Engineer: 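Let me give you the structure first, and then I'll get to my questions.
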Amino acid sequence: MVEHVKPIQPTWCPGCGDFGVMAAVKKGVLELKIPSENLVLVGGIGCSGGIHNFMDGYGFHALHGRLLPTAIGVKLANPKLTVVAIGGDGDGYAIGMGHFVHALKKNTSITYIVMNNETYGLTKGQASPTSHVGFEGNVEPPVDAILTALSIPAAAFIARGFSGTPKEATALVTEALRFTQERKGFAFVEILSPCVTYNDTYDLWREKVEDVGKRPGYDKADRGKAFSTVLDVMHSGKIPVGEIYRTPDDQLYTSLDRTLLPNPAEAPATVDISVAANLARYEKMLASLE
Amino acid sequence: MVEHVKPIQPTWCPGCGDFGVMAAVKKGVLELKIPSENLVLVGGIGCSGGIHNFMDGYGFHALHGRLLPTAIGVKLANPKLTVVAIGGDGDGYAIGMGHFVHALKKNTSITYIVMNNETYGLTKGQASPTSHVGFEGNVEPPVDAILTALSIPAAAFIARGFSGTPKEATALVTEALRFTQERKGFAFVEILSPCVTYNDTYDLWREKVEDVGKRPGYDKADRGKAFSTVLDVMHSGKIPVGEIYRTPDDQLYTSLDRTLLPNPAEAPATVDISVAANLARYEKMLASLE
Amino acid sequence: MSESVVAAHPEHASQTTPSQPPVARVLRDLSVLTGGQGGDGTLTVSDLLARYFHAQGMYVYNSRSVLSRIRGGYAAASSRASVEPTMAQKALQDVIVAFHQDAITFGEKTLSADGFILGDEKVVTNPGQNTVLLPISITAASKLGNPLYKNVIAFGALSVLMGMDREVARKVVEQRFGRRSEEARAKNLSAFDIGVELAAKSPGPKPRFSVERGTAKDQVLLTGNQALAYGFVVGGGRFFAGYPITPATPVMETLMKILPQYHGVVRQAEDELSAINMTLGAAYAGARAMTATSGPGFSLMTEALGHAGEAEIPVVITDCQRVGPSTGEPTRNEQSDLFHAVFASHGEFPRFVLAPGFPQDAYDIGIQALNLAEKWQLPIILLLDQALGENMQTTPRLTLKGVSVDRGKLLSQEALDALAAYKRYEFTKDGVSPRTIPGMKGGQSQVTGNEHDEWGHVSVNVENRKMMMAKRMTRLRLAKPDLPPPIIWGDEKARVGFIGFGCTFGPIREAQGLLKRKGISSRFYQARTLWPVPIETLAPFLSSVDVVFVVEHNFMGQFARLIRSFVTAHNIESIVKYDGSSFVAEEIAGHVEQMMKEHASYVPSKTPIVTYESEGGGF
Amino acid sequence: MSESVVAAHPEHASQTTPSQPPVARVLRDLSVLTGGQGGDGTLTVSDLLARYFHAQGMYVYNSRSVLSRIRGGYAAASSRASVEPTMAQKALQDVIVAFHQDAITFGEKTLSADGFILGDEKVVTNPGQNTVLLPISITAASKLGNPLYKNVIAFGALSVLMGMDREVARKVVEQRFGRRSEEARAKNLSAFDIGVELAAKSPGPKPRFSVERGTAKDQVLLTGNQALAYGFVVGGGRFFAGYPITPATPVMETLMKILPQYHGVVRQAEDELSAINMTLGAAYAGARAMTATSGPGFSLMTEALGHAGEAEIPVVITDCQRVGPSTGEPTRNEQSDLFHAVFASHGEFPRFVLAPGFPQDAYDIGIQALNLAEKWQLPIILLLDQALGENMQTTPRLTLKGVSVDRGKLLSQEALDALAAYKRYEFTKDGVSPRTIPGMKGGQSQVTGNEHDEWGHVSVNVENRKMMMAKRMTRLRLAKPDLPPPIIWGDEKARVGFIGFGCTFGPIREAQGLLKRKGISSRFYQARTLWPVPIETLAPFLSSVDVVFVVEHNFMGQFARLIRSFVTAHNIESIVKYDGSSFVAEEIAGHVEQMMKEHASYVPSKTPIVTYESEGGGF
Ligand SMILES: Cc1ncc(C[n+]2csc(CCOP(=O)(O)OP(=O)(O)O)c2C)c(N)n1
Ligand SMILES: Cc1ncc(C[n+]2csc(CCOP(=O)(O)OP(=O)(O)O)c2C)c(N)n1
Ligand code: SF4
Ligand code: SF4
Ligand SMILES: [Mg+2]
Ligand SMILES: [Mg+2]
């Protein structure tokens, strides 16, 4: 077969949390038997965003903060593809915040993975929107993307993992991929991914993560409950992780790709656009002009 | 005294909800005795965003979606000013969504009023982020800015009014202005403001609005509770209004302007920047270079 | 007359002879201005007139001058109809319909000596000479329950005063409103009849004049925005993302109606950043994709434009220009985004900037742009302007003649399978590398805005950088024979030249006619490719005449300046307008006459024209 | 030699005479390249060397070539020191410090004949000739517990091999690390001593050469970014908003440290759209305000740039350029944003584009820009580049001499009170209207990006539009005498000219020296104002020489092209480089010699130079 681009060695610092995230994605892809030619990885700009260079598949390095519109464009052009947008917390929650909220609203069947290291790694450790007060002079209380995702009515799959607990992270990523493979909509997974160079939080986070699913009576189908539980966990000084929210199948809004393109085989990137194939309809359309 | 620019006649359609919003703002300004030379109105682009032309004060017509960074820039340059950012739902929740979330996070003491008519008025009635499914072909479930605001940990003042109930709307706007006058942080008020031309919802909304404060046991200081109550009200087919959430004074994060500029008299726009006034410090600074 | 380039549109190729003085009150070329309050539907009168004259075989050109507000304020629309092809507003009005005193205040000075005013009694406080006052809106309210029927009443009255064919006019009303509901049909027809009746009872001659019938056949009424949208569909465009903005929104609205029928996707994005990046994503995935916007949105797309350049993504960006800078005047006409279109975005990459001059040109170039984008794998900017985009004009019926889809080096799976290795950015002679789309086995690649090697992996190697820059930039040179050629209109032997693009097409053509009648024959280089500057056709054109007037709607004389940066042409004069209103032929002709008087007469330049095409890296 | 414009910096005014062959192994001009793995602190060696030579009274120029990743990959830094002023890299290295085999593989070809390599035994697998191998990192790990001490060990070894003053070198280490902690001080001093010891025991001559002491006095080490930040503070800048981006981030980081002491505000925004709009808001409110970014961020600021133009908001935007387009090569050097800086944003409005050539110039122009922005009430773009921005250079101590704050037509409350009426956009002769800031009684106004009347209310009136365009655009002409003049370096009678801006300053100055020694004397027009194109000084300069080489770091020869669009100059040649690395003097001199050979010799152009400044509306 034709030789194609080979993944290069990751350019991450040894020990970077992103290695764990990539392992989880690779395992999920393997588990779901997604052929590499159907896999489109849309990377953000940041250390994290280089991931597509280190994996087998179609890679697209989007502009800083624009990976979601790009990924949605790919999916709406060809819904048969498995589209994974993957980038950093700066990329996604700072410059990309508007697109993040609107991607949740648009509800296209793509997976979005944020490698949250609570800093801007690639530009050398400035505070990001998730940095706590005091980090590198930061004075603004951080945002929590899980809470914000919960606030969007269309958001149907919301999870958080930790690259230090690879089994759980892998399970979440795999579940997200499955969700989008079934064209159920947008799946959002944030993975805590320590930056060993500028924000080495492995030990701290290992101590702090709390699986909300283990809270007695937790109901991941209850958005309001999920929201207040997440808040509670945060107030107790912990970091909520797990499959935090999931809309039951029978209550799902139809995903955008399914609404617009019910038959994935007939899509912008793949329909026959030759004049011959469309002749009759074109002629009728042009004839209808007055 | 010197003659200055006079407010012009509103360019709104007769009956537009924005008249009610403007009345509320005017009353609030009057009530708090804010002198017009200290009032800076930063308008968005849209029918709503023209409001500063119709009021007495310093008016700044910002770019579409950029009124919040602009307003924050004004306030951080001179915290003695009363800064009111005011625009539409398209301006604020579509192109401006990223800045909206970050303005809540930055928590600068300005008031932000969104005139939500669930459409893009000025561009002739397209669906906006708050339009329901079916409106002008819209297929995306709307966002609810109150929910999203609640999701931002720093957000401290969140309210929604209806221009059809002017007394309540005025009270909310006045309270928001008071909050920012005391430099407590960012105050967000959405006002439902029907677009009689493209989305005439007066009657519908009059029927649907429900003051959450009247729900038994409602505690506007409880963020989690507020979130689930808002959700409940929405699920029941109603629109939650009222002072929906407010962080108790003793739990407030310090506002950004207070953190950066504890003494409002010494601020970027007003400190003496002459060389003479800074000579000693400049010389010391330059001498410290090696 | 002769055309250096075969004219695609025969009816334009013939010399226009508009603005002839009305012969015995039988008009061959007339214009009706309707002025009223924004949002009260004033445009409807113009629209009905256009449809009537269109039905009568005349050439129609409608234009408008409205404010960026929904109701209130002064809004005006003019409808021109001529026996000869026309693509511009008329300097003088033959009729003014006044739904507001402002229509008279502002419009009266443009009323021709023989013209008349039809005024609504209720609002006209200060009627001018030749005014027919009728109780239009009052009757609309009293008899039909809604003052908005005033528009159709006025049209009915005009049918009497302008000697229109009553049945045809009535049918136009029926067609326009009949589709909505039976009630709309009936009420509007009543309104028409009421108008007829009111006018019949009015004092003064009836009709005031009659209008000659035209012979235009197989024409349709279209705006440039609409024509472009149809071109996009027919050219295989299947993905569009945009964000509402005046005056570009109609492109999206038109596509919303038609594209889904072809399994196409039209998305209103949350902003222009999203729109352009969605478009890039879809184009990367293999869809022919476009976005359309106006100045402010286009400025927001600046970063992504460069991304398309570096990542080699075929994409079309339409900028329907309005008055700038910043928010400017959203509803008014200008061509001041040219510099931005050519130079915006940090760093250097190839792009084409194309500019159609009339609706059919927008259709043609719209189709061609999709082929060019895929063939040369780069971003293409289509520069339209408010006048071309929004003004409804008579246009030959759009056809499929010559339409074909050329996807360039997009590989089939078979062709891909036959390769030993697939590299997305392989170095090739023409700078264009074979392309795959996701889903193709073995076509996996890295597509990126970082500088990269042939595989698409990040590289800062200096030799690689030089070769990649050359690979991308040489296309600016190599693609030239492929790009829309200019059309040269007018006399081959003329010593006076014009250069223009976009909406100045109509006024320049008409000015040529006016000048010709004064003994000044001219040639007009209608530029359709603006970047890369088509120096290979411009230089000979500049050499062929004594003086060239570059006519454009901006302050800086942008196209003139751009041309100058490639040639030492000593015979360029700028004619610019930047007040938001569009040129009329008389203005241009007047400028030319004035300048020719000032300079005694232009003489052939003694200095040869030197071109500088190979600056720097040499594209 | 003589300077047409008084040189602000006497030590640059003297002819540089670098790259002299080492005389009896006493070097007067040397360069040390340190290469290793990204993130292992290789830059430290360069930094220590710079500080040492700086302490020895020499002129220092440090530069770097790193990847856009935090660890790993090849990263190199070079440190040049010369007895004569220098502002460029040296073509050949005298010493290479290899912490990685790549340093030898890539660097060896640039090693001078007499040079030597200091290699870390552990990583150098293939030592070249003249290599001193020492167990540097192994000793660091074994004796100090951390291989990162290898940098200081290497510096210690160099102190022996390069015949440095041991005490001064040791003090440099102490000063650099002593402030951190006592442990850092002690460990690093041990590392230094270990290095000395290792080198002392090594075979071969010690020292390999010695270095002459310099006489430079009252100089500091600064990058252009830092100098600009200090200029901003001293010029009264009090508000800065930015977003991290290589290579502009240090401007923000420097200001974060110093601005709060002056009640200034420095904000890291959520993106560049927010950064520029916050900056506009603050400037509108009366603060002197700036943002700084690089290409991608600058592209995102395009819309707001026009807003500042239309709304007449005084604001400074610094673009520290990197390799484009798109994400490009974030850490590498280029000057390809010029066209974007001059032409980006839809519509037309006045702006100034200024470009300092060296750190003190960045300080001076940084101060001046704040005055110009307020005086002319428009956006100003400061074009820096990676080399100027990030390379640490010897710079005369920054002073307050001549620094003053001119706020233009910003009214005092008293002046305002004395007016009959206050109109924000009042028509005036110089196009600049009196300005108030919020908080002033009676100064209420409407400030807007819409076209507006004198009061600031929206207007689409055509007469108003014409006057407002003229009001804004005339400033491009009227401001010219105020803008930073060029500095002309070199021989007044020379027939060969150079034009350049930004980081090409050093290499061109040095190339002038090289050429002079070959008998070719030259003049160098250091452009500091790029837009409006300073045709009034460029035209005479072009006329004064037979040929002009425009030297710039981009592909299209952007500045050459820009100049050409204003003059018919037949004697312009482009020398461009766009591979991410910076010019060295030898390259430029070589180009010139080559071209002069090819063209036999340049002769005075017979065609007079014609300027076209008054295109279109005529600014
Ligand atoms: C428009 C734009 N602004 C700024 C940058 C510079 N930049 C590159 S990566 C980055 C932030 C990276 O942070 P994050 O997304 O958290 O990724 P991480 O490196 O931490 O994985 C920034 C600001 C850019 N490339 N483009
Ligand atoms: C960058 C940019 N994109 C698009 C527009 C066009 N535009 C003007 S107003 C508007 C939307 C207005 O909607 P909203 O903010 O809800 O205000 P409303 O008119 O409904 O009060 C748009 C898209 C613009 N001015 N600038
Ligand atoms: S800097 Fe941080 S985020 Fe970036 S690769 Fe290194 S450890 Fe990972
Ligand atoms: S269009 Fe709608 S929002 Fe705009 S002024 Fe009219 S009623 Fe108000
Ligand atoms: Mg990060
Ligand atoms: Mg709205």
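Each chain gets a letter, A, B and so on, in the order its sequence line appears, and its residues count up from 1. Because the structure is a prediction, the values reported are computed rather than measured.
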Engineer: Relative to chain B, which segment of C:Pro244 carries a heavy atom at a distance below 4.5 Å: side chain, backbone, both, or neither?
Structural biologist: both

Engineer: Shortest non-hydrogen contact from C:Gln268 to B:Ala127?
Structural biologist: NE2-O, 2.8 Å

Engineer: For B:Cys13, is it the side chain, the backbone, both or neither that has a heavy atom under 4.5 Å from a heavy atom of chain C?
Structural biologist: both

Engineer: Quick check: do B:Thr197 and C:Arg71 have side-chain heavy atoms less than 4.5 Å from each other?
Structural biologist: yes

Engineer: At a heavy-atom distance under 4.5 Å, which candidate from C:Arg267, C:Met256, C:Met252 has the highest pair count against chain B?
Structural biologist: C:Arg267

Engineer: Check whether B:Ile45 gets within reach of chain C through its side chain, its backbone, both or neither, counting any heavy atom under 4.5 Å.
Structural biologist: side chain

Engineer: Measure distances from B:Tyr198 to the heavy atoms of chain C and classify the residue's part below 4.5 Å as side chain, backbone, both or neither.
Structural biologist: side chain

Engineer: Check whether B:His64 gets within reach of chain C through its side chain, its backbone, both or neither, counting any heavy atom under 4.5 Å.
Structural biologist: side chain

Engineer: Minimum heavy-atom separation for B:Gly90 and C:Tyr243, please, with both atom names.
Structural biologist: O-OH, 3.9 Å

Engineer: Select one option (side chain, backbone, both, neither) describing which atoms of B:Glu140 are under 4.5 Å from chain C's heavy atoms.
Structural biologist: side chain

Engineer: Please find the pair of heavy atoms, one from B:Leu63 and one from C:Thr327, that lie closest to each other, and give the distance.
Structural biologist: CD2-OG1, 4.2 Å

Engineer: Starting at CG of C:Asp271, measure out to CG of B:Asp91 and round the result to the nearest 0.5 Å.
Structural biologist: 11.5 Å

Engineer: Out of curiosity, B:Met97 CE to C:Ser274 OG, how far, rounded to the nearest 0.5 Å?
Structural biologist: 12.5 Å

